[in-house]
Amino acid sequence: MASLFSFSKKGGTFRSVKNVPVGAKGLTLKQHIEHTLGTGAVEDAVRLPPGEDLNEWLAVNTVVFYNAINVLYQVLDETLCTSQRCPVMSAGPQYEYLWADGVKVKTPLKLSAPDYINCLFDWVEDQLDNPAIFPQRYGGSFPPTFAATVRNVLKRLFRVYGHIYHSHFRQIEKLELEPHLNTCFRHFILFTLEFNLIDERELAPLKELIDRMVPR
């Protein structure tokens, strides 16, 4: 399984994980996250370090969260999460998601879960690779709409967690990846709550799990 943390598939090819912004400070922020997570202090890992820029912190963490769910989903891709097994993108029986990115696809489309998630990951990568949105060097200028873009990215990544927990949790247990899934999701949800990045109604599909993980 260790090799999965180096790459994941993209339509039969390998979907690379993303790098944090280039520069010593960007690397330092990533190392800060990894160190605090390594000590088990997840709550500390999500807080804005003293003196750091909020947009830089949002950018580095967004890359970290995308890489985490990208790799996790790869475990299920093509064999366990297929168009036949998952003909709709859902997070339980009450929540179904239609795909639209507002640019290439303006009319919401009903897609299978793997097709939806592949479109979602393509869209996220387009945001992360665009230097006008996510500066490729630490200290670059962020657009006025940056926080809104981060909220949209994280809202959509949450839907992948929702699908995995509702549709594939037993498979995750069989693969003995439940602790890793829970750790990744707890880190993700603590961060989004710390900075109020996802509306409560969007969190509804996993509300019971969130309430157990993060008593409020």
Side-chain angles (χ1 to χ4, degrees), residues 4-5 8 17-73 91 120-121 124-125 127-128 133-140 142-143 145-165 169 172 177-216:
L4 289 178
F5 291 86
S8 61
V17 297
K18 294 297 176 182
N19 294 320
V20 298
V22 176
K25 179 60 75 170
L27 181 60
T28 298
L29 290 177
K30 181 174 181 289
Q31 290 171 338
H32 171 79
I33 297 168
E34 292 171 345
H35 172 72
T36 47
L37 286 175
T39 64
V42 183
E43 290 82 358
D44 293 337
V46 304
R47 297 190 185 104
L48 178 66
E52 298 296 345
D53 179 76
L54 176 59
N55 282 338
E56 298 285 5
W57 188 235
L58 292 176
V60 170
N61 277 277
T62 299
V63 173
V64 169
F65 293 133
Y66 169 68
N67 286 339
I69 191 62
N70 177 15
V71 170
L72 270 169
Y73 182 71
L120 188 159
F121 284 170
V124 172
E125 289 189 1
Q127 312 310 301
L128 299 182
I133 302 174
F134 279 81
Q136 302 303 301
R137 291 189 175 276
Y138 187 88
F142 290 89
T145 56
F146 181 69
T149 298
V150 168
R151 289 189 178 93
N152 204 11
V153 169
L154 297 183
K155 176 186 72 176
R156 289 176 169 179
L157 293 183
F158 172 83
R159 295 173 179 178
V160 183
Y161 276 113
H163 180 71
I164 290 175
Y165 272 109
F169 189 68
I172 289 290
L177 288 174
E178 178 188 357
H180 182 71
L181 170 64
N182 289 340
T183 297
C184 289
F185 181 66
R186 186 165 185 267
H187 180 205
F188 175 88
I189 207 65
L190 279 169
F191 187 85
T192 62
L193 293 174
E194 176 77 9
F195 298 101
N196 193 29
L197 296 170
I198 302 179
D199 291 341
E200 287 285 338
R201 59 190 177 85
E202 290 285 346
L203 300 176
L206 295 177
K207 184 180 184 304
E208 291 184 12
L209 175 64
I210 293 169
D211 289 344
R212 290 199 304 270
M213 285 186 168
V214 189
R216 289 179 284 168

Once you round to the nearest 0.5 Å, how far does OH of Tyr161 lie from CD1 of Ile69? 4.5 Å

Only residue of Phe169, Tyr165, Phe191 satisfying ring pair (Phe, Tyr, Trp, His ring centres under 6.0 Å) with Phe185 is Tyr165

Rounded to the nearest 0.5 Å, the CG atom of Leu197 sits from the CG atom of Asn152 at a distance of 11.5 Å

What I'd like to find out is whether the side chain of Glu178 reaches to under 4.5 Å of the side chain of Asn182, using heavy atoms alone. yes

Taking the side chain as every heavy atom from C-beta outward, state whether Leu206 and Ile189 have any atom pair closer than 4.5 Å. no

Are the side chains of Phe134 and Val150 in touch, meaning some heavy atoms are under 4.5 Å apart? yes

Do the side chains of Val153 and Tyr66 get nearer than 4.5 Å, heavy atoms only? no

As an exercise, state the distance from CG of Asp44 to CZ of Arg47, rounded to the nearest 0.5 Å. 5.0 Å

Might you point out which heavy atoms bring Glu56 and Gly140 nearest each other, and give the distance in Å? OE2-N, 4.1 Å

Testing the basics here: between Phe142 and Asp53, what is the closest heavy-atom pair and its distance to 0.1 Å? CE1-OD2, 4.4 Å

What pair of heavy atoms forms the shortest contact from Met213 to Arg186, and how long is it? O-NE, 3.3 Å

Measure the shortest side-chain to side-chain distance between Phe65 and Thr192 over non-hydrogen atoms and say whether it is less than 4.5 angstrom. no

Taking the side chain as C-beta and beyond, is there a heavy-atom pair between Leu203 and Lys207 under 4.5 Å? no

Salt bridge (Lys or Arg N to Asp or Glu O under 4.0 Å) partners of Arg156, counting only residues at least two apart: none

Output the distance between atom CD1 (Ile210) and atom CD1 (Ile198), rounded to the nearest 0.5 Å. 8.0 Å

Donor-acceptor pair, distance only, cut-off 3.5 Å: does the side chain of Gln136 make one with the backbone of Leu128? yes

Distance in Å, Thr62 OG1 paired with Arg151 CZ, rounded so as to fall on 0.5 Å steps: 11.0 Å

Should the ring pair Phe188 and Phe158 be called parallel, tilted or perpendicular, given that the plane angle runs from 0 to 90° and is split at 30 and 60? parallel

Between Asn55, Asn61, Val60, which is the residue that forms a side chain to side chain contact (heavy atoms under 4.5 Å, CB included) with Leu58? Asn55

Quick one: CZ on Arg159 to CG on Leu120, what's the gap to the nearest 0.5 Å? 8.0 Å

